[in-house]
*Asks:* 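Quick one: the structure is below, and I'll ask about it shortly.
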Amino acid sequence: MGTRAHRPAWRSSPPAVSRRDLPRSPSLPDTVEVGRGCALPVVHQSRSWTRGGGHLATCDEPLHFRVLGTFEVTRGNRRCTPTAPKQRALLALLALHANEFVATSRIIDRLWSRSAPRSAIAALHGYVTAVRRVLTPGWTSATASHPVLATRPSGYVLRLEPHQLDLIGFRSLARRGQAEIAAGDCSGAQEALGAALGLWRGAPLADLRETGVFDHDVARLEKEHLELLRDRFDVMLCNGDGHLIVCDLEELCTTYPLWERFHEQLMLALCQAGRRADALTAYARAYRVLSSHAGIEPGPRLRAVHQVVLSGGDPFDLGHRHDRGFAGLRVAHAVSP
C-alpha cells in the first residue's frame, strides 16, 4: 500500500526536479540544473537508487513485510516481492518466523514437501541469493553480509524490526487488548483490538495457499484472528454496542458452527438490539447444529443465557454493565470456544 509523497518546502518557488533530470548513475552530482541560471542542491540519501512504483526508492528506506492477506514486501512504494514461486515461499516462511533461526533442513522439507531432490541444498542457496538481490538491489555477496536475510550455520534468519512485519504488530496489539481487558478498561481494549483487526487484510498468505506449504501456519493464524474477533465482540457487548455486531455474528455462527462463544454472543447482541424472540431462535439453531455436527448439547454458559432470556430476565444489568461485562469476559476466557 503506497504512501503519499512528501511535498518539499521549495516546491512552490522553483519548478520540481523531474525524474528525467536525475542521472542514472548511483553517483549523483551536488546540484541539478532545473532552469536557466537556477540549480537545486541534491541530498544524497543513499548510495543505491532503484526505480519502480512510480518514484525513486532508496535502499535506506525500510522493507515492510505483510503476511495477513496476500504476501507482500515493499520498500516505500516499490514492490520487492519475489515473483518465482519457490523464492516467494522461502521468504514467506522466513517472515512467519522473523528473528528466529530456521534450519536449512526444515526449509527444504517445507519447500519440497519432504520429497526434495538431491540438488535441493544447491537450489536453496540459489533462491536465497536471488531473494537477497530482490530485497536489496545492487547487493552482492562480495561487498558485505546482507542487512536483512542473514546466514547462520545450517540455516537462516530474517532480521526485522517490529514495525516491519504486520504479524508482529497484530500480536502486539492483541496482547495489549488482553491487558486492557484484564484491567477492566473497556475503551482501551476496543481501541487496541480494533487496531489489530485493522492489520488483517484477508486470508493469510492467500496467494500461497495452493502450494500447501503453509496449511498449518494459516490454520494457526486464522485461529488467532477468530479469538481476537471473539474478544472484540465481548468488549462491544460490554459497551452496549451489540446491535452493531449482529450481522457479523450471524455470519460467524454459520461459518464456524462449533464455536459456542459466537452463538452466545449472538444471543446477547440480539437482546441488546431488542430482538428477544430472535435470540431464542438463535439458541434453537445452535442446539440443532451442535447436536448434528458434534453430537453434543450446548455448554453451561450458552444454556444459562438461554434460561435467562426464556424466563424473561435481562442478561445485562444495565446499572453495572461495565463490571458485569468484564466479569463475563474473564469467565469466557477460561472456557474453550
Side-chain angles (χ1 to χ4, degrees), residues 174-194 196-197 200 222-337:
R175 288 191 297 269
R176 179 181 143 199
Q178 291 284 350
E180 300 288 5
I181 288 175
D185 185 350
C186 205
S187 60
Q190 183 163 339
E191 179 184 354
L193 297 177
L197 291 169
W200 196 273
E222 287 181 339
K223 185 173 185 292
E224 291 182 37
H225 182 235
L226 290 174
E227 290 172 347
L228 198 66
L229 283 172
R230 176 200 64 193
D231 292 344
R232 191 185 185 214
F233 292 149
D234 276 335
V235 171
M236 293 185 72
L237 288 168
C238 175
N239 279 334
D241 294 329
H243 62 288
L244 300 176
I245 57 176
V246 169
C247 292
D248 290 336
L249 283 167
E250 287 177 336
E251 182 178 350
L252 286 167
C253 288
T254 301
T255 308
Y256 303 97
L258 300 184
W259 280 61
E260 286 192 42
R261 185 67 182 139
F262 288 148
H263 292 293
E264 179 189 341
Q265 289 174 325
L266 176 58
M267 292 183 66
L268 294 172
L270 288 167
C271 286
Q272 282 191 347
R275 299 166 57 185
R276 184 179 297 270
D278 289 335
L280 294 174
T281 301
Y283 177 82
R285 184 167 54 248
Y287 189 102
R288 291 194 301 271
V289 167
L290 292 170
S291 299
S292 60
H293 283 65
I296 59 174
E297 293 185 351
R301 286 181 56 85
L302 189 54
R303 291 200 307 270
V305 172
H306 174 247
Q307 286 300 319
V308 172
V309 177
L310 188 63
S311 63
D314 188 350
F316 298 95
D317 183 341
L318 298 180
H320 302 85
R321 181 174 59 198
H322 183 275
D323 294 338
R324 294 173 70 89
F326 270 98
L329 282 179
R330 287 190 284 273
V331 173
H333 294 156
V335 180
S336 63

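Since we're looking at a predicted model, the values are computed, not measured.
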*Asks:* What's the spacing between Met236 CE and Asp248 CG if we round to 0.5 Å?
*Replies:*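 Here the rounded value is 8.0 Å.
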*Asks:* Any sub-3.5 Å donor-acceptor pair from Arg301's side-chain atoms to Arg261's backbone N or O?
*Replies:*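 Flag not set: sc Arg301 to bb Arg261 has no pair under 3.5 Å.
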*Asks:* Is there side-chain contact between Arg285 and Leu266, with heavy atoms separated by less than 4.5 Å?
*Replies:*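 When only atoms from C-beta onward are counted, Leu266 and Arg285 do touch, with a gap below 4.5 Å.
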*Asks:* Grab the two heavy atoms, one from Ala189 and one from Ile181, that are nearest each other, plus how far apart they are.
*Replies:* CB-CG1, 3.7 Å
*Asks:* Exactly one of Asp231, Leu252, Thr255 should register a side chain to side chain contact (heavy atoms under 4.5 Å, CB included) with Leu226. Which one does?
*Replies:*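 The option that passes is Leu252.
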*Asks:* Return the CG to CD1 distance between Leu258 and Ile296, rounded to the nearest 0.5 Å.
*Replies:*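 Spacing of CG (Leu258) from CD1 (Ile296) equals 7.0 Å.
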*Asks:* Nearest 0.5 angstrom please: Arg303 CZ to Glu264 CD, how far?
*Replies:* 12.0 Å
*Asks:* For the pair Gln272 (side chain) and Leu237 (backbone), establish whether a donor and an acceptor sit closer than 3.5 Å, ignoring hydrogens and angles.
*Replies:*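 Between the backbone of Leu237 and the side chain of Gln272 there is a qualifying donor-acceptor contact (under 3.5 Å).
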*Asks:* Taking atom CG of Leu280 and atom CE of Met267, what is their separation to the nearest 0.5 Å?
*Replies:* 6.0 Å
*Asks:* Under the criterion salt bridge (Lys or Arg N to Asp or Glu O under 4.0 Å), I'd like the reasoning laid out for Glu227 against Arg230: C-alpha separation, chi angles, the key distance, then a yes or no.
*Replies:* CA-CA 5 Å; Glu227 290 172 347; Arg230 176 200 64 193; 5.1 Å; no
*Asks:* Take Arg275 and Val246 through the test side-chain contact (heavy atoms from CB on, under 4.5 Å) and record every step on the way to the result.
*Replies:* CA-CA 10 Å; Arg275 299 166 57 185; Val246 169; 3.7 Å; yes
*Asks:* If you count the non-hydrogen atoms of other residues, nucleotides and ligands that lie under 6.0 Å from CD in Glu222, is the total more than 12?
*Replies:*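 Yes, the 6.0 Å shell around CD holds more than 12 heavy atoms from other groups.
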*Asks:* Pro257 and Leu290: which non-hydrogen atoms are nearest, and at how many Å?
*Replies:* O-CD2, 3.9 Å
*Asks:* Rounded to the nearest 0.5 Å, what separation is found between the NE2 atom of His306 and the OG atom of Ser311?
*Replies:*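 If I round to the nearest 0.5 Å, the distance is 9.5 Å.
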*Asks:* Could you tell me how the ring of Tyr287 sits relative to the ring of Tyr283: parallel (under 30°), tilted (30 to 60°) or perpendicular (over 60°)?
*Replies:* tilted
*Asks:* Tell me the closest heavy-atom pair linking Val308 and Pro315, and the distance in Å.
*Replies:* CG1-N, 3.7 Å
*Asks:* Can you see which heavy atom on Ala196 is nearest to which on Ala174, and at what distance?
*Replies:* CB-N, 4.2 Å
*Asks:* Can you tell me how the ring of His225 sits relative to the ring of Trp200, calling it parallel under 30°, perpendicular over 60° and tilted otherwise?
*Replies:* parallel
*Asks:* I'd like to check Val309 versus Leu270 (side-chain heavy atoms, cut-off strictly below 4.5 Å). Are they in contact?
*Replies:* no
*Asks:* I need the minimum non-hydrogen distance between Glu260 and Gly299, along with the two atoms involved.
*Replies:*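 Shortest heavy-atom separation between Glu260 and Gly299 comes out as OE1-N, 2.7 Å.
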*Asks:* Going from CG on Leu197 to CD on Gln190, what distance comes out if it is rounded to the nearest 0.5 angstrom?
*Replies:*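 Interatomic distance, Leu197 CG to Gln190 CD, rounded to 0.5 Å: 10.5 Å.
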*Asks:* Between Asn239 and Cys186, what is the shortest heavy-atom contact and its length?
*Replies:* OD1-SG, 2.9 Å
